[in-house]
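Let me begin by presenting the structure, written as structure tokens, before commenting on it.
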Number of protein chains: 2
Amino acid sequence: MSKRQQLMDTALELFYRHGVRAIGINEVLKASTVAKRTLYSHFDSKDELVLAALQCRHDTFLSWLESNIEQSSSNDEMIQKLFAALRRWFRSDDPTLGAFRGCFFINTSAEFSDPDSPISQACRAHKRDVRKLIGRHLPRADESLADTIFLLKEGAITTAYLTGDGDQVVEQCLSALQGLVST
Amino acid sequence: MSKRQQLMDTALELFYRHGVRAIGINEVLKASTVAKRTLYSHFDSKDELVLAALQCRHDTFLSWLESNIEQSSSNDEMIQKLFAALRRWFRSDDPTLGAFRGCFFINTSAEFSDPDSPISQACRAHKRDVRKLIGRHLPRADESLADTIFLLKEGAITTAYLTGDGDQVVEQCLSALQGLVST
DNA sequence: CTCCAGGTAGACAATTCGGTCTACTTTTCA
DNA sequence: TGAAAAGTAGACCGAATTGTCTACCTGGAG
């Protein structure tokens with residue numbers, strides 16, 4: 001694996017687990033066994049590394065999500081698949097996403113208050129793409145249902161992290177969506 | 001106003017607007033026109049000040065929420081009132097809550113990764129109390145509906161912050177809840 | 001063989017952090 | 001009135017921050 005990839009993987013792991021501002025460059029270097037000189041030859045600043053970690057997580061998450069909900073034969077089936085996947089994530093049972101600590105993009109947005117910064121823009125773009133993906137994988141197109149699914153999913157992620165009880169939250173989402181689906 | 005209250009108000013304002021780790025003790029002192037010695041006579045550490053700011057926000061938010069949803073004559077009316085209030089918050093039109101920058105408790109939780117820390121526990125307790133308050137103010141008791149409202153509200157707050165379009169998010173929530181209410 | 005891009009290790013600079021401490025001033029109230 | 005309590009301004013400490021720089025090493029390509 002390239003040094004650049006090593007740095008991005010380590011940075012993502014540490015930034016996600018502890019928060020961006022809680023992790024210093026030196027900790028990333030120590031954990032990735034890369035020299036500081038090498039880091040700054042690949043990235044101009046810590047913010048650039050954060051941006052790269054966000055992009056890395058974005059790619060991983062989108063393909064994880066798509067592989068979990070694609071080829072559903074009904075809207076209801078897609079919902080079942082989606083929230084079953086979220087439950088695994090909340091339980092930290094999915095090796096692709098690692099130990100659950102909420103949404104990396106929400107967490108990072110909370111740490112960077114300027115909405116025009118590249119980091120905030122990347123977080124915004126991620127959410128836009130996730131919403132699009134959900135809409136695209138409803139076999140029977142229904143933008144309003146996609147909005148509801150998306151909002152419940154966002155609520156589920158933050159509540160699962162805050163309360164620690166992901167199973168309960170997933171049940172509540174599925175129960176809420178029960179009445180809304182016309183298979 | 002007491003010095004202690006000045007410190008809590010200023011800390012809350014700055015921590016909420018910029019994030020806890022982004023604001024140093026010295027910035028709080030400068031903005032509150034209080035001496036460092038005085039701060040440390042009231043609070044043992046920065047974490048204690050953060051905890052006090054969380055408690056302060058908790059009280060403000062709970063009473064704001066209650067005053068906005070109390071004495072509804074139907075579940076539907078309560079939902080309308082709740083999301084109308086959220087829309088004002090998202091627009092930063094409500095002087096009680098100040099300029100909107102997402103949920104202070106979600107944001108702060110994102111910055112403190114240890115779920116057993118007093119700060120994380122305070123954030124968890126806040127969400128529990130908000131959920132209880134919502135359930136208590138549904139005239140026709142319905143725990144399942146209260147769960148749905150809570151999760152949509154959480155999704156609405158994070159999405160309104162991330163995307164910046166609070167009005168759209170509120171419309172989506174109300175539309176989603178349309179089908180679920182038996183007045 | 002030589003050259004050089006790309007790597008390592010880590011000292012270093014400049015700044016900021018949370019927190020302590022001294023010295024002095026103001027307020028409170030018995 | 002006078003002493004205790006509470007406040008101010010800011011120097012200072014040790015640690016940690018991001019980012020630069022020197023000095024050295026390594027593995028291929030020409």
Side-chain angles (χ1 to χ4, degrees), chain A residues 1-56 104 107-114 117-120 122, chain B residues 1-56 104 107-114 117-120 122:
Chain A
M1 195 194 321
S2 74
K3 291 290 168 181
R4 185 186 168 86
Q5 192 62 47
Q6 267 184 53
L7 283 165
M8 283 165 54
D9 289 350
T10 309
L12 172 56
E13 154 75 14
L14 293 176
F15 289 162
Y16 177 50
R17 187 191 300 267
H18 301 286
V20 170
R21 295 203 126 101
I23 295 296
I25 286 289
N26 294 318
E27 296 178 72
V28 176
L29 295 172
K30 187 161 191 178
S32 61
T33 62
V34 165
K36 191 175 277 197
R37 189 72 198 263
T38 306
L39 189 154
Y40 282 101
S41 75
H42 286 293
F43 305 97
D44 286 344
S45 64
K46 184 185 179 183
D47 276 14
E48 295 290 326
L49 179 60
V50 173
L51 224 41
L54 286 168
Q55 186 59 54
C56 189
F104 185 41
N107 294 354
T108 303
S109 256
E111 296 200 69
F112 291 81
S113 55
D114 177 8
S117 70
I119 287 174
S120 293
Chain B
M1 197 196 320
S2 73
K3 290 291 167 182
R4 185 186 168 86
Q5 193 62 48
Q6 267 184 53
L7 283 165
M8 284 166 52
D9 289 350
T10 308
L12 173 55
E13 153 77 14
L14 293 176
F15 289 160
Y16 178 50
R17 187 190 302 265
H18 301 286
V20 171
R21 295 204 127 99
I23 294 296
I25 286 290
N26 294 317
E27 296 177 72
V28 176
L29 295 172
K30 188 163 190 177
S32 60
T33 62
V34 165
K36 191 176 276 198
R37 189 71 197 265
T38 307
L39 188 155
Y40 282 100
S41 76
H42 285 294
F43 305 98
D44 285 344
S45 63
K46 184 185 179 184
D47 276 12
E48 293 289 325
L49 179 60
V50 173
L51 222 42
L54 285 168
Q55 185 60 54
C56 189
F104 184 41
N107 293 353
T108 303
S109 256
E111 297 200 67
F112 291 81
S113 55
D114 176 7
S117 70
I119 287 173
S120 293

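Naming: A, B, ... by sequence-line order, numbering from 1 per chain. Reckoned from all heavy atoms, side chains included, excluding hydrogens, waters and symmetry mates.
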Would you grab the first and last nucleotide of DNA chain C (5' to 3') that comes under 4.0 Å of any non-hydrogen atom in chain B? C:dC17 to C:dT22

Tabulate below the donor-acceptor pairs under 3.5 Å that side-chain atoms of residues 48-56 of chain B make, not counting sequence neighbours, or state none.
| residue | atom | partner | partner atom | Å |
| --- | --- | --- | --- | --- |
| B:Gln55 | NE2 | B:Asp59 | OD1 | 3.2 |

Which residues satisfy the side-chain hydrogen bond (donor to acceptor under 3.5 Å, both in side chains) test with [X], sequence neighbours excluded?
| X | result |
| --- | --- |
| A:Ser45 | none |
| A:Ser32 | none |
| B:Thr10 | none |

Reading 5' to 3' through nucleotides 11-28 of chain D, protein heavy-atom contacts under 4.0 Å coded B for base, S for sugar-phosphate only, - for none: ------SBBBBB------

Members of residues 1-8 of chain A that approach DNA chain C, where some heavy atom sits under 4.0 Å away: A:Lys3

Keeping to residues at least two apart or across chains, list the salt bridge (Lys or Arg N to Asp or Glu O under 4.0 Å) pairs with something in residues 5-29 of chain B. B:Glu13-B:Arg17

Show every salt bridge (Lys or Arg N to Asp or Glu O under 4.0 Å) that has at least one partner inside residues 34-43 of chain B, sequence neighbours left out. none

Could you check whether any side-chain N or O of B:Glu111 sits under 3.5 Å from a backbone N or O of B:Gly19, counting only pairs where one atom can act as donor and the other as acceptor? no

Kindly write out the residues that satisfy side-chain contact (heavy atoms from CB on, under 4.5 Å) with [X], not counting sequence neighbours, or none if the list is empty.
| X | answer |
| --- | --- |
| A:Ser2 | A:Arg4, A:Gln5 |
| A:Thr38 | A:Lys3, A:Val34, A:Ala35, A:Ser41, A:His42 |
| B:Ser113 | A:His18, A:Arg101 |

